[in-house]
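See below for the structure under consideration.
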Amino acid sequence: MRRTIITLLVAVGVTLGTAGPALAAAPAPPPGQGITWGPCTSPSLQQATAECGFLEVPLDHAEPAGKKIEIAVSRIRHTVPEAQYQGVVLVNPGGPGGPGLGLSRLGGAVPKNAGAAYDWIGFDPRGVGTSRPALTCDADYGGYARPDYRPENGAEKAWLPKVEAYARACGTAGGDLLAHLRTEDTVRDMDLIRRALGAKQINYYGFSYGTMLGQVYATMFPDKVRRMVLDGVVDPRDWWYRANLNQDVAFQRNIETFFDWVAKNDAAYHLGNTGDAVEKRFHDLAAEFRKAPLGGRIGSSEWTDIFLRAGYNVGEYTSVADAFVAGTKKDAAKLKAAYDQAGSPTDDNNYAVYLATQCTDAPFPHDWATWKRDNTATDRKAPFETWGNAWYNAPCRDWPVQPGPAPEVAGKLRTGPLLISETYDGATPYEGALQARRTFPGSSLVEGVGGHTHSSSLSGIACTDDTVADYLLTGALPKRTGGDRSDRQCPPLPPPSPTAAGG
């Protein structure tokens with residue numbers, strides 16, 4: 001999935017609608033399986049009056065009495081009267097490897113005051129963030145002036161030993177944790193969080209890879225699911241090698257859309273008045289930075305990673321365009337800042353857990369000939385991201401832990417989930433949402449028609465956000481339509497004004 005972009009908005013409070021039936025509390029968990037709540041260390045969680053704690057869980061769920069690890073958990077309690085309380089909502093931002101402790105604040109972004117009826121539960125998945133232990137393999141791996149991604153520029157000779165060394169470093173650093181970072185491990189942790197909270201069922205809000213956690217949880221524990229929102233839906237058939245190739249094609253379309261937007265706003269950016277001209281400028285600077293990394297840090301690989309943000313989210317257009325302008329002006333400090341903000345692999349914890357999950361969820365090809373053949377074919381139609389994505393995932397070839405069979409996803413829920421996707425999502429292509437709709441016959445799909453943003457719910461589009469609110473308030477889903485298509489069509493997240501960020 002490369003990276004996840006979640007914008008946490010401050011909701012505008014309105015009158016609370018009719019709440020669903022209150023949930024009876026589940027029996028308290030056995031001693032030692034609860035969460036001792038206390039103050040949070042994060043200023044944003046403190047400001048939101050959240051409480052934080054740790055839950056002890058088995059390292060190996062097959063040995064529940066064996067070695068334990070700790071999952072960091074946060075909670076923001078409901079504010080409605082007890083008769084209107086609707087239970088707990090677990091939230092995951094994606095990744096794999098994305099920290100979610102701060103997402104207990106998400107309830108404040110739901111319109112119609114719908115979030116107030118729930119306790120919102122954020123958590124850092126095992127190995128991530130403030131959970132203990134956290135996995136880091138090589139803190140310097142993600143930057144700077146890394147080898148060029150392109151095969152014609154000597155990538156194989158430079159990258160193959162680099163990714164092999166990273167896999168070895170993870171084998172050394174990961175210890176016995178490394179074999180227990182599969183999707184199913186986190187799903188079982190989620191159910192232990194449910195038990196520790198004394199809840200018979202959970203509600204769930206997952207973004208990006210978090211939608212895969214939701215689908216697997218709904219398969220393993222269908223009777224424990226009440227309501228579930230999945231935004232930016234991962235195709236449950238693509239574990240994970242094929243999913244990354246599919247991403248490359250989608251990101252090619254999205255970066256070309258971005259170049260067209262820059263050209264449309266040439267009066268602000270002066271980078272070319274056609275998409276082709278802007279794209280040529282991008283490649284010319286990439287070649288220049290390949291030969292001489294700007295400031296000794298920003299080479300062609302870092303340059304490409306900065307632009308990937310625009311492939312994820314149209315809200316990133318102005319910041320990426322500003323970085324583009326900084327590149328033309330040879331502003332090394334601004335480009336370094338843009339790269340540092342671009343996500344993993346600069347965050348080695350995020351990247352290490354990402355690999356540890358994807359590499360062991362299902363087998364990747366071990367022989368380089370297969371990677372080379374498949375990525376060469378994809379590169380012919382999608383040159384922007386194909387080889388960057390290949391090298392990002394290439395440590396899976398030599399991962400020191402044997403992969404298991406892919407987790408099962410089956411449509412065992414009677415109703416739900418509520419599925420959300422924009423038509424041209426780059427990170428999780430729209431076909432994944434359609435496949436989840438086929439898999440879960442009680443689900444409904446909201447489509448941001450013509451949009452290019454990944455996981456865009458609760459970003460201010462009333463049609464989508466009100467659908468989420470109504471579902472959380474009452475359980476009401478859009479009426480399921482016939483055919484293999486979305487059930488409700490909404491406007492997408494629009495591109496920003498080119499002057500919004502002082503472009």
Side-chain angles (χ1 to χ4, degrees), residues 1-10 44 93-94 98 102 109 142-144 207-208 232 250-272 275 278-279 281-283 285-286 289 294-295 297-347 350 384-385 388 422 424-427 448 451-461 492-503:
M1 297 296 99
R2 289 301 303 264
R3 63 189 295 270
T4 301
I5 303 171
I6 299 298
T7 302
L8 185 60
L9 301 177
V10 178
S44 61
Y144 302 87
F207 300 90
S208 192
F251 280 132
Q252 184 68 34
R253 176 195 57 231
N254 283 10
I255 199 64
E256 290 174 359
T257 300
F258 168 70
F259 290 146
D260 289 342
W261 179 87
V262 172
K264 180 181 177 182
N265 294 289
D266 188 49
Y269 298 112
H270 309 291
L271 294 167
V278 173
E279 183 172 7
R281 195 81 176 271
F282 164 80
H283 288 298
L285 285 167
F289 297 151
L294 186 62
R297 293 175 178 266
I298 303 302
S300 55
S301 295
E302 291 74 31
W303 179 247
T304 299
D305 286 355
I306 291 168
F307 280 73
L308 183 59
R309 296 161 58 191
Y312 271 86
N313 190 324
V314 299
E316 296 277 330
Y317 278 11
T318 51
S319 61
V320 175
D322 288 345
F324 201 158
V325 172
T328 67
K329 296 179 178 180
K330 307 300 186 291
D331 190 328
K334 283 189 177 180
L335 280 193
K336 179 184 178 297
Y339 176 66
D340 290 345
Q341 295 165 10
S344 65
T346 51
D347 180 344
N350 179 315
F384 166 66
E385 180 58 20
E422 293 205 351
Y424 302 117
D425 185 329
H452 293 77
T453 294
H454 174 54
S455 295
S456 62
S457 66
L458 305 185
S459 295
I461 304 302
L493 190 69
S497 163
T499 60

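The structure displayed is predicted, hence computed values, not measured ones.
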Identify the heavy atoms of [X] and [Y] that sit nearest to each other, and give their distance.
{"X": "P496", "Y": "V314", "value": "CD-O, 3.1 Å"}
{"X": "R309", "Y": "S319", "value": "NH2-OG, 3.1 Å"}
{"X": "G232", "Y": "S455", "value": "CA-OG, 3.8 Å"}
{"X": "A321", "Y": "V262", "value": "CB-CG2, 4.5 Å"}
{"X": "E302", "Y": "Y144", "value": "OE2-C, 3.6 Å"}
{"X": "P492", "Y": "G451", "value": "CB-CA, 3.3 Å"}

Would you say the side-chain atoms of [X] pair up with the backbone N or O of [Y], donor to acceptor, closer than 3.5 Å?
{"X": "R253", "Y": "Y424", "answer": "yes"}
{"X": "N313", "Y": "T453", "answer": "no"}
{"X": "E422", "Y": "L493", "answer": "yes"}
{"X": "N265", "Y": "A268", "answer": "no"}

Inset, instruction - Determine whether E385 and I255 make a side-chain contact, defined as any pair of heavy atoms from C-beta on separated by less than 4.5 Å. - result: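 Contact flag for E385/I255 side chains = no.
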Mind checking the [atom1]-[atom2] spacing from [X] to [Y]? Nearest 0.5 Å is all I need.
{"X": "F207", "Y": "S456", "atom1": "CZ", "atom2": "OG", "answer": "9.5 Å"}
{"X": "D305", "Y": "T346", "atom1": "CG", "atom2": "OG1", "answer": "8.5 Å"}
{"X": "L294", "Y": "K336", "atom1": "CG", "atom2": "NZ", "answer": "12.5 Å"}
{"X": "F384", "Y": "F259", "atom1": "CZ", "atom2": "CZ", "answer": "6.5 Å"}
{"X": "S208", "Y": "D425", "atom1": "OG", "atom2": "CG", "answer": "7.5 Å"}
{"X": "L271", "Y": "F282", "atom1": "CG", "atom2": "CZ", "answer": "12.5 Å"}

Legend entry - Pair Y269 and F324, ring centroids less than 6.0 Å apart: no
Inset, instruction - Look at the rings of W261 and Y317 and say which category their plane angle falls in: under 30° parallel, 30 to 60° tilted, over 60° perpendicular. - result: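 Answer is tilted, since the angle falls between 30° and 60°.
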Inset, instruction - Would you please classify the geometry between the F289 ring and the W303 ring as parallel, tilted or perpendicular, with 30° and 60° separating the classes? - result: perpendicular
